[in-house]
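Each remark here refers to the structure printed beneath this line.
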2 protein chains.
Amino acid sequence: MRSTDPDSDSRRSPNSSPETAEKILTAAVAEFARHGFTKTTVRGIAAAAEVSPGLVIHHFGSKDGLRSACDEHVFERITESKAKNASYATMAVQMMFDDPEMSTAVDYLVKSLLDPSEHGQRYFDHYVDLVESYLTDGFAGYTFRQSEDPHGQAATIAVMALAPSILEHRLHSVLGTEDTTDMMTRLAPHLLDLYLHGAIESVPEDSDLGDEES
Amino acid sequence: MRSTDPDSDSRRSPNSSPETAEKILTAAVAEFARHGFTKTTVRGIAAAAEVSPGLVIHHFGSKDGLRSACDEHVFERITESKAKNASYATMAVQMMFDDPEMSTAVDYLVKSLLDPSEHGQRYFDHYVDLVESYLTDGFAGYTFRQSEDPHGQAATIAVMALAPSILEHRLHSVLGTEDTTDMMTRLAPHLLDLYLHGAIESVPEDSDLGDEES
DNA sequence: TTTAATATTAAACATGCGTTCAACAGATCC
DNA sequence: GGATCTGTTGAACGCATGTTTAATATTAAA
């Protein structure tokens with residue numbers, strides 16, 4: 001196929017570039033993250049990457065092929081960053097909103113989750129498993145309430161954790177925030193309170209949902 | 001020269017067939033709820049309503065006009081049912097998943113929330129206000145933890161409450177459930193536990209997030 | 001019955017989409 | 001020098017979309 005010897009290559013004219021494919025892929029991830037898969041057009045990606053629409057297809061076969069390539073790329077970025085940060089929760093979270101490429105990667109994942117595609121399901125399954133391991137083994141010194149149905153519990157928590165990112169735009173309008181960091185800062189104390197103590201102060205007297213824990 | 005201009009408000013013609021328009025509108029709500037606004041086609045709606053595509057446009061002016069009509073219709077359905085059920089929480093919830101029309105109305109709302117349209121924002125704002133009133137005044141005998149930032153707290157809780165519906169498809173795949181009722185039944189105990197007691201059992205020793213509440 | 005207005009349809013129109021194609025420009029190898 | 005392969009483009013193709021139009025069917029009024 002294509003031999004990419006870095007040292008035998010000298011800087012050349014706009015032709016001959018393994019960079020080009022990467023440029024297209026980066027533009028595609030950004031476009032998909034912003035508009036979702038359906039509304040994103042090949043022409044739009046080509047324009048963002050400053051190439052012709054035909055070249056996009058030439059490199060990735062089809063729009064779906066490009067999507068698959070984006071999936072792999074984003075998955076690598078996310079997992080590699082997760083490995084680097086290991087158990088440093090706050091650091092990882094901060095990174096997700098500070099590093100712009102990581103931020104678009106997260107947006108990409110969210111859009112994948114909302115599209116009814118298999119890729120998004122893979123991400124979600126992976127995420128639920130991760131949450132389940134955190135719930136059982138603890139995470140960064142935190143321990144969690146145990147349940148008879150750890151998988152259901154993990155799915156519940158996972159969904160809750162994803163919700164603010166999914167409805168970010170709606171939250172911005174309601175809270176008057178302008179970027180992700182501001183919004184998350186505003187939400188953080190309430191999320192912490194919810195996770196630490198719940199939301200309900202007292203139940204009706206005739207309720208049987210009292211404190212009959214195991 | 002046919003004038004279909006939106007010139008006057010009283011377009012109520014003496015000989016209109018209200019059944020047909022209503023049939024189209026019902027079909028449209030269902031299609032929008034299932035596939036979202038963008039992926040839903042006028043031809044698809046027309047087929048579902050067993051009419052010609054042209055008639056859809058004739059009755060509602062455009063696809064966007066049809067969407068607006070759907071918005072009003074769904075909004076009426078939701079609010080009228082909410083008024084009927086007043087403070088009977090469980091009853092209202094059950095109705096949402098038992099009454100098929102109410103169920104598609106909810107799906108429609110969720111899709112509206114994910115589309116970056118103004119309509120969805122109206123719904124969300126309304127919902128956050130509702131949650132805020134519940135948080136301050138209580139709801140069906142329940143009282144809730146008070147916060148210095150009730151609006152932010154309401155937004156947080158609202159987002160959490162919407163999350164399972166938004167990710168319903170993803171949850172079905174993870175939990176092996178097949179309909180909304182099964183899924184919600186599976187989630188219910190964990191949601192209850194979260195809302196009653198939170199999710200975190202203990203924090204790291206060096207953490208300053210202890211129980212220093214106001 | 002005649003007339004006018006609406007309800008409805010099939011076909012056509014205009015546009016935007018993903019994709020294909022023919023041609024060209026460099027690079028590599030003989 | 002060709003010969004050949006790849007990167008790249010601009011134009012075109014085929015198709016699906018939202019919408020328009022011309023014509024027909026139906027209804028109500030005169």
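We name chains A, B, ... by the order of the sequence lines, and we start the count at 1 in each one. Just so it is clear, the values below take in all heavy atoms, side chains as well, and ignore hydrogens, waters and symmetry mates.
- Looking at Asp71(B) and Arg67(B), a side-chain N of the basic residue comes within less than 4.0 Å of a carboxylate O on the acidic one, giving a salt bridge.
- DNA chain D is contacted by both Thr41(B) and Gly54(B); Thr41(B) maps to the nucleotide lying nearer its 5′ end (nearest heavy atom per residue).
- Proximity note for His59(B) (side chain, C-beta onward) versus dT17(D), dT8(C), dC17(C): the nearest is dT8(C).
- Look at CZ on Phe60(B): it is 16 Å from C1' on dT19(D), rounded to the nearest Å.
- Note on Thr40(A): only backbone sugar-phosphate atoms sit closer than 4.0 angstrom, heavy atoms only; bases stay farther off.
- Nearest to the side-chain atoms of Val42(B) among the listed nucleotides dT19(C), dG7(D), dG18(D) stands dG18(D).
- One atom, CD1 of Ile45(B), and another, P of dG18(D), lie 8 Å apart when rounded to the nearest Å.
- You won't find any donor-acceptor pair under 3.5 Å spanning the side chain of Arg43(A) and the base of dG16(C), going by distance alone.
- In this structure, Arg122(B) satisfies the cation-pi test against Phe75(B), with its NZ or CZ atom closer than 6.0 Å to the six-membered ring centre and inside 45 degrees of the ring normal.
- For the pair Leu171(A) and Ala155(B), the tightest heavy-atom approach, listed with the atom from each and the gap, is CD2-CB, 3.8 Å.
- Atom CD1 of Ile57(B) is separated from atom P of dT17(D) by 13 Å (rounded to the nearest Å).
- In this entry the distance linking CD of Glu31(A) with C1' of dC17(C) reads 15 Å, nearest Å.
- Rounded to an integer number of Å, the gap from Leu55(B) CG to dA25(D) C1' is 13 Å.
- Put simply, CD on Glu19(B) is 11 Å from P on dT27(D), counting in whole angstrom units.
- Contact check for Ile166(A) versus Leu114(B): side-chain heavy atoms found under the 4.5 Å cut-off.
- When the shell of 6.0 Å around CZ of Arg34(B) is examined, it contains 12 or fewer heavy atoms from other residues, nucleotides or ligands.
- Across dT8(D), dT9(D), dT8(C), the shortest atom-to-atom separation from the side chain of Ser52(B) is found for dT8(C).
- Lys63(A) has its NZ atom 19 Å from the P atom of dC15(D), to the nearest Å.
- Positionally, the nearest nucleotide of DNA chain C for Lys39(A) lies more toward the 5' end than for the other of Lys39(A) and Gly61(A).
- Atom pair His58(A):NE2 and dG10(D):P shows a separation of 16 Å (rounding to whole Å applied).
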